[in-house]
Every structure is written in structure tokens, then in C-alpha cells.
2 protein chains.
Amino acid sequence: MLNQLHHTAEDMIRHNGGRATAGRIGILAILLAEQQAITHREIEQRLPQEQQLDRVTLYRALEWLAEKNLIHKVTSDDRAWRYHANRDVQSHQHAHFKCTCCAQVICLDKLPVERNWPLPAGYRLQEIELTVKGLCANCC
Amino acid sequence: MLNQLHHTAEDMIRHNGGRATAGRIGILAILLAEQQAITHREIEQRLPQEQQLDRVTLYRALEWLAEKNLIHKVTSDDRAWRYHANRDVQSHQHAHFKCTCCAQVICLDKLPVERNWPLPAGYRLQEIELTVKGLCANCC
DNA sequence: CAAATAAATGCAACAATGTTGTGATTATTG
DNA sequence: CAATAATCACAACATTGTTGCATTTATTTG
């Protein structure tokens with residue numbers, strides 16, 4: 001199963017004209033396997049012992065994956081970015097839930113975010129980031 | 001005028017049972033004078049030369065002010081918190097605009113945020129944080 | 001398949017933001 | 001004015017992320 005994801009990951013990377021290195025494939029496979037958005041640290045922990053990457057390499061791989069729209073970054077209030085695979089390329093809406101107790105972050109893809117809010121005159125909207133905070137089922 | 005704000009600030013602090021120290025009063029007056037949400041660094045810069053505070057003191061004062069609901073923190077994507085005075089105690093809704101060019105953050109208090117979005121079963125909503133990103137009038 | 005090369009990696013050093021512990025200082029109270 | 005509890009300043013540390021550069025590696029080319 002994880003093997004399957006590695007295959008998928010490799011395809012996604014090659015389709016974007018990038019080198020299919022063990023690091024990138026491993027990272028993307030981990031993100032594909034994960035329902036939640038996870039941190040740099042959590043990705044590191046999920047990488048097999050024999051394939052630990054330098055912190056910088058990890059950051060750069062994530063940057064590259066985000067650039068190619070294979071994953072996206074989620075801003076949080078603990079100043080650690082979390083990452084999540086983009087399963088369906090277009091419809092990512094940046095709506096997330098973060099548990100204030102266990103810090104888990106999940107994607108609320110169904111959440112409709114209106115794009116025509118009134119801004120002050122002369123302002124232009126580019127992107128909406130919406131985070132709902134609360135308690136997850138486990139922490140309730 | 002700034003004098004007036006100092007007076008207001010001092011009142012707000014005393015009403016919450018805190019010590020009215022020069023630092024706290026100065027910080028709160030600065031935040032009251034500001035339309036935007038500003039960073040730790042920007043607060044430091046606005047403090048008069050003869051009254052510079054230690055970084056830690058500033059952080060702790062901000063923490064205290066936020067605890068007492070006199071100000072609020074705004075999460076951003078550059079992992080620096082921004083602070084803004086709570087003029088009217090109840091109706092703060094955590095809706096903000098951030099310019100992707102100059103990093104300015106303003107409050108969009110008028111923005112209505114619905115509080116009854118569908119969450120997964122067992123999840124409880126506590127707070128909604130919404131940031132609209134785009135270009136401000138100056139940067140357009 | 002081997003060599004060439006552009007891309008990716010690892011290491012060291014740095015930067016920014018924020019936190020913790022502790023002894024000194026100060027606003028407030030009586 | 002003295003007592004005292006709150007606040008402050010300093011030092012040291014933690015976390016997250018970035019930059020520069022020499023080394024390694026995936027891919028391409030002959």
C-alpha cells in the first residue's frame with residue numbers, strides 16, 4: 001500500500017519535470033498517506049531510519065512540491081507550517097480545522113468560502129485562509 | 001493626543017487589576033493609536049528611545065494584555081504575531097486582511113463570519129480565524 | 001555503458017521569533 | 001515609609017526556517 005503510494009508519488013514528481021529522488025518520493029508518499037496536515041517534524045519522524053534527510057533538504061523538497069502544486073502549506077498559530085498533499089489539483093480552498101488541545105490539523109475541503117467579500121476600496125483579493133479552531137472528537 | 005491614549009490605556013489596565021507600569025501603558029497606547037495589527041518589532045520601534053523595553057518584557061506584557069482581552073493576537077504566515085487593540089470588547093471576530101506585498105495587516109471587523117459550519121461529528125468549534133490575503137491599495 | 005551536466009543534497013553557519021529561570025527593581029498597599 | 005507581590009532585565013536556550021557552498025546523484029547524451 002505504501003509501495004503503491006511511492007509509485008503514485010514518483011509519477012506525480014516526474015510529471016512535473018522534477019528528479020525522482022528517494023527523498024522527494026518518500027516525503028510525498030508520506031503526505032499522500034496522511035489525512036491530516038503534518039509538520040516538518042512529523043514528516044521526519046515518519047521517514048524510515050535508513051533514509052533520514054537533512055532538515056534543509058526536507059525544507060527544500062517541501063518548497064519544491066508546493067511550488068509544483070503537489071502539496072500545500074497550512075499556516076498555523078504555533079508558527080510551524082503544516083503540509084498536506086493536493087489530491088485534486090484545482091479545488092483546494094485553504095479551509096482547515098485545528099484542534100486547540102492536540103494541535104491536529106485536518107482539511108475541511110467541503111467548506112465553501114465566498115470569494116466576494118467587501119474589501120476597502122483599492123484592495124485586491126488573492127487568497128483566503130480560513131482556520132476553524134476547536135476541539136476534535138478525541139479531545140472533546 | 002498620544003497623551004490622551006496613555007490615559008485611556010492606564011484606565012484599561014487598572015480596570016483589569018494590573019499594575020500600571022510605564023511599559024504596559026506605553027505598549028497599549030501604541031496599539032490604540034494604530035489602525036493596523038503590528039508586530040513585536042514594530043511596537044519596539046514606536047517606543048520612545050528613553051523607554052525601550054527588554055524583548056522578554058514586551059512579550060510578557062503583550063501576553064498579559066491579550067489575557068485580559070485588551071488586545072488580540074493575529075496569526076500570520078510569516079510566523080510573527082501581530083497585535084491589535086480591542087476597542088470594543090465583545091465583537092471581535094478575527095477577520096483580517098494581509099497584503100502579500102508589504103505585509104501590512106488590517107482588521108476587517110465588518111466581515112461576517114458564520115459560526116455554524118458543518119464540522120465532522122464530535123468536533124466542537126471554538127474560534128474562527130480568517131485571513132484574506134491580497135494587495136492593499138498602496139501596492140496594487 | 002560511460003561521461004557530462006544540471007539538479008539535488010548535506011553541512012555549517014546564521015537569522016528571526018519566542019520562551020524559561022532567576023535575581024533585581026518597582027508599583028501598590030497599609 | 002516599609003512590606004510585598006508583581007513586574008522587569010538579563011542570560012541562556014529552544015524552535016523554525018534560510019543561505020552559501022562544496023559534494024553527490026539522477027538523468028541525458030554520445
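First the proteins, then the strands, lettered A, B, ... as listed; each starts at 1. Keep in mind that the numbers below use all heavy atoms, side chains included, and drop hydrogens, waters and symmetry copies.
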Please state whether the phosphate of D:dC8, meaning OP1 or OP2, lies under 4.0 angstrom from any side-chain nitrogen or oxygen of B:Thr21. yes
Ignoring backbone atoms, establish whether A:Thr57 has a side-chain N or O less than 4.0 Å from OP1 or OP2 of C:dA8. no
Should the side chain of A:Arg41 and the base of D:dT15 be counted as holding a donor-acceptor pair, with the cut-off at 3.5 Å? no
Just how far, in rounded Å, is C1' of D:dA9 from OH of B:Tyr59? 16 Å
Measure the distance from CG on A:Asp78 to P on D:dA14 and round it to the nearest whole Å. 19 Å
In whole angstroms, the gap separating C1' of D:dA9 from CD of B:Glu44 amounts to 13 Å
Name the residue closer to the 5' end of DNA chain D, choosing between A:Arg14 and B:Trp64 according to the nucleotide with the nearest heavy atom. B:Trp64
Can you tell me how far P of C:dT19 sits from CG of B:Leu58, to the nearest Å? 12 Å
Give the rounded distance in Å between these two atoms: CG of B:Asp54 and P of C:dA24. 16 Å
Report the residue (A:Gly18 or A:Arg55) whose heavy-atom-nearest nucleotide on DNA chain C is the more 5′ of the two. A:Gly18
Rounded to the nearest angstrom, tell me the gap between atom CD in B:Gln51 and atom C1' in D:dA9. 15 Å
Donor-acceptor pair present, A:Arg24 side chain and C:dA8 base, under 3.5 Å: no
Using a 4.0 Å heavy-atom cut-off, does B:Ala20 contact any base of the nucleic acid, only the sugar-phosphate backbone, or nothing at all? sugar-phosphate
Whether A:Phe97 and B:Tyr123 hold their rings parallel, tilted or perpendicular, with breakpoints at 30° and 60°: perpendicular
Carboxylate-amine/guanidinium proximity below 4.0 Å for A:Asp77 and B:Lys73: no
Crowding at CD, B:Glu50 (>12 non-hydrogen neighbours, <6.0 Å): yes
Assess whether atom CD of B:Gln35 is packed by more than 12 heavy atoms of other residues, nucleotides or ligands within 6.0 Å. no
Kindly say whether the aromatic ring centers of B:His72 and B:Tyr83 come within a distance under 6.0 Å. no
Side chain of A:Arg19, base of C:dA7: donor and acceptor closer than 3.5 Å? yes
Pair of N/O donor and acceptor under 3.5 Å linking D:dT16 base with B:Arg79 side chain: yes
Distance, rounded to the nearest Å, where A:Glu67 contributes CD and C:dA8 contributes C1': 14 Å
In whole Å, I'd like the distance from the CG atom of A:Asp77 to the C1' atom of D:dT16. 15 Å
Tell me if the side-chain of B:Arg60 makes a donor-acceptor pair with the base of C:dG18, cut-off 3.5 Å, by modelled atom types. no
Toward the 5' end of DNA chain C, which comes first, B:Ala22 or A:Gly23, by nearest nucleotide? A:Gly23
